[in-house]
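All heavy atoms count here, side chains included; hydrogens, waters and symmetry mates do not. Order of the sequence lines fixes the chain letters, A, B, ..., with proteins taken first and strands second; residue numbering starts at 1 for each chain. The model shown is predicted, which means the values in this text are computed figures rather than measured ones.
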Amino acid sequence: MFRSHTCGELRGEHVGQEVTLCGWVDSSRDHGGAVFIDLRDRYGKTQVVAGPESGADVVEQVGRLRGEDVVKFVGTVAFRPEGTRNPKLATGAIEVRVIRVELLNKCKTPPFTPGQADLPGEDLRLKHRYLDLRRESMQRTLLLRSRIIKSMRDYFEEHGFIDVETPILGRSTPEGARDYLVPSRIHHGKMYALPQSPQLYKQILMVAGYDRYVQVARCFRDEDLRADRQPEFTQLDMEMSFVDADDVIGMIDGLVVKLAKEILELEVKLPLPRMTYDEAMRRFGHDAPDLRFGMELIDCTDLAAEAEFRVFRAAAEAGQVVRGIRAPGGAARYSRKGIDELTEFVQQDFGAKGLAWFRVEEDGKLWSPISKNFADSLLARFGQRLEAQPGDLLLLVADTWEVSCKALAALRKRLGAELKLYDPRQMHFSWVVEFPMFDFDHEEQRWVAMHHPFTAPRRQDLAMLGTDPGKCRAQAYDLVINGSEAGGGTVRIHDQQIQQQVFGLLGIDQEAARERFGFLLDALQLGAPPHGGIALGIDRMVMLFGGLDNIRDCIAFPKTQRATDMMTGAPGTVDRRQLDELGIKTVGP
RNA sequence: GGGGCCGUAGCUCAAUUGGUUAGAGUACCGGACUGUCGAUCCGGUGGUUGCGGGUUCGAGUCCCGUCGGCCUCGCCA
């Protein structure tokens, strides 16, 4: 060991001891006769001083040190002189008076330093990730991540789960996300696929009798990225046998309580609130609503039908909906220009035809450029319906159900943040349950699985599989934290007949089903217990628990939005030879 | 695939309506200084304004293309 202590360790009790510290030069202050160095490692910072008692040689050597040099100091711990203690530093009561210094590795002038006030551009941070990871906030986040994963593993261990690793090289399955493919050298033209999730394997493990399985699993999806999406990400994946949805939810409820307590020192009351998918869409327009504030969507279609205003009446008569939200205090916050921006927002991003708005005046009356198209009494009823208060801004969308959901949910999210309707540090955990089994794909004119093709319908909805698949609800559940989907799971079909029926609805014929996942169908017929599980997005949970707004900050070595690694340059070209071995010819770019 | 924002010194940013030799802070280099902790003071180095083309008497600024980063719709559970 080079060092006797870390840079975050020394206190008054160590005064008088000779210690050895190693670390990086965080900053230096050279006074000629005395040089101060803040030495940093991941545990903290300690001030090191070279003064006259250190000797002129040492003072000179220490004076030559620059930011990010790697140094070893031998010295004596001493109280700082009265009045020079630094309350901003945990080690601020003491300093280390240098006896010897050894430069372990000189650092070139770095492109940026971990301590600098202005955060450098993200491209630069990603290119020199080793420098970025030296920053305190990155170290805090990676530590948080480590603690969350440790808590999760402990929890499942305590509950009798067994950790089983599943393959990374697997087989491409249809449906779901685009696969990352790995060409086979031995079988030219054939490909492995990296797992989108260990879904199929964990079902197989249930059939095999490992009735409580858990894994911290890396997953891959070759889709476009977002602030909260990476091409490779980590799930806490689990599955249980002889359970229904309530059992899985209950198990995760317990985990949430434990995490909240251990990580956030927060008492969470059980059971976590649950809401059906239909209710979530009706009240919030979204399947993962942020329940830290209200501002619910209010249906006004019946009132709209009575209006002179053609946009409203036409929508109502065409079977569309007119729904709105009330932005408390929004009249002052949003000028005409601001409202124009909101309008453009819902039009460009969510395909809304427009955004109708009313300001609530001092006397409670609604004013808008379009208000002349409404009878006074009708305006009053709109006001009542939306529970308008003076100073509010009312925003309404007349459109299809889907567009009204998307546009208003996005508005609600944006306005909630801009109007500061909640404390961003507050945490809210809830469940959304009973998702539809199927979504109708209008382009392809067919039903697609909302979750995946192995999701079990609710028992009471079984009959509707044949008659009205759109109304059929699944035994599916999402864990929602602060308006983000933190995880989702389902009870799976363990009955071969129902599975065939679902495949049929999805347009997967028997032959195709056999070809793609015959192994699972076989397994389901060879003693499959009823089973269900869930997968939690660990990166996202770190993001939420850490109050971060960017998933890259939760991952040590993340990819850019275009799925490249700026540090290594991946993806990169390979030798002609390597391609030849794989039997691959490239056509571009 | 679509929409938007951004790219100026190593870094963070500025540069009036298109107008003189592109500036500041910091970092770096040299000098001074024994109690600093964003040290201070003096001096200095540092620029293909991402790249390519165009408009113009004149482009960091306007236009087109391209590369890169970010946000977002589609996509994705």
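For A:E136, the CD atom is loosely surrounded, since the number of other residues' heavy atoms within 6.0 Å does not exceed 12. The environment of CG in A:D57 is sparse: at most 12 heavy-atom neighbours from other residues, nucleotides or ligands sit within 6.0 Å.
Within the nucleic acid shown, A:P120 comes within 4.0 Å of sugar-phosphate atoms alone, with no base atom in reach, counting heavy atoms only. Across all strands, A:G176 comes closer than 4.0 Å only to sugar-phosphate atoms, never to a base (heavy-atom distances). Residue A:R221 is in sugar-phosphate contact alone, with no base atom involved, counting any heavy-atom pair closer than 4.0 Å across all strands shown. At the heavy-atom level, A:Q47 lies under 4.0 Å from base atoms of the strands shown. In this structure, A:G488 reaches neither bases nor backbone, as no heavy-atom distance under 4.0 Å exists between it and the strands shown. Here A:L225 lies out of heavy-atom contact (under 4.0 Å) with every strand. If you check every strand for non-hydrogen atoms under 4.0 Å, A:R562 touches sugar and phosphate atoms only. A:R552 comes within 4.0 angstrom of the backbone, heavy atoms only, and of no base. Within the 4.0 angstrom heavy-atom criterion, base atoms lie near A:Q561. Nucleic acid contact for A:P111: sugar-phosphate only, since backbone atoms but no base atoms lie under 4.0 Å from a heavy atom of the residue. Among the atoms of the strands shown, none is found under 4.0 Å from any heavy atom of A:D222. Using a 4.0 Å heavy-atom criterion, one finds that A:T564 contacts the sugar-phosphate atoms exclusively. Using a 4.0 Å heavy-atom cutoff across all strands shown, A:L89 reaches no nucleic acid atom at all.
Regarding contacts with the backbone of B:rG35, every side-chain N or O of A:R85 stays at 4.0 angstrom or more from both OP1 and OP2. Between A:K45 and B:rC37 there is no side-chain polar atom (N or O) within less than 4.0 angstrom of OP1 or OP2. A close approach under 4.0 Å does not occur between any side-chain nitrogen or oxygen of A:K406 and OP1 or OP2 of B:rU72. Under 4.0 angstrom from either OP1 or OP2 of B:rU36 there lies no side-chain N or O belonging to A:R29. For the pair A:Q196 and B:rA77, the criterion of a side-chain N or O lying under 4.0 Å from OP1 or OP2 is met. Between A:R229 and B:rC73, a side-chain N or O to OP1/OP2 separation shorter than 4.0 Å is absent.
Taken to the nearest 0.5 Å, the CH2 atom of A:W431 stands 5.5 Å off from the CD1 atom of A:I252.
Distance from the side chain of A:R66 is smallest to B:rG30 among B:rU72, B:rG30, B:rC75. Side-chain proximity of A:S27 to B:rC73, B:rC29, B:rA39: nearest is B:rA39. Picking from B:rU34, B:rC76, B:rC73 the nucleotide with the shortest atom distance to the side chain of A:A177 gives B:rC76. For A:N86, counting side-chain heavy atoms from C-beta on, the closest listed nucleotide (B:rC73, B:rC70, B:rC37) is B:rC37.
Here B:rG30 sits opposite B:rC42 as a Watson-Crick or G-U wobble pair (both hydrogen-bonding atom distances under 3.5 Å). Pair check for B:rA24 finds B:rU12; Watson-Crick or G-U wobble, both atom distances under 3.5 Å. Across every strand in view, B:rU17 sits unpaired, with no contact that passes the Watson-Crick or G-U test at under 3.5 angstrom. Within the shown strands, B:rG4 is the pairing partner of B:rC70 under the Watson-Crick or G-U definition, both distances less than 3.5 Å.
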Checklist line | side-chain contact (heavy atoms from CB on, under 4.5 Å) assessment of A:S27 paired with A:R40 | finding: CA-CA 9 Å; A:S27 60; A:R40 182 195 70 239; over 6 Å; no
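With its ring centre under 5.5 Å from that of the base six-membered ring and a plane angle below 30°, A:H31 counts as stacked on B:rA39. Remark: ring of A:F36 overlaps the six-membered base ring of B:rU36 in a stacked fashion, centroids less than 5.5 Å apart, planes less than 30° apart.
Residues A:E95 and A:R85 are not paired through a salt bridge, judged by the lack of any N-O separation under 4.0 Å between the basic side chain and the carboxylate.
Panel note: side chain A:R97, backbone A:S54; no donor-acceptor pair is recorded below 3.5 Å.
Taking the six-membered ring where the residue is Trp, the centroids of A:F284 and A:H286 are separated by 6.0 Å or more.
Rounded to the nearest Å, the gap between the C1' atom of B:rG38 and that of B:rA77 is 46 Å.
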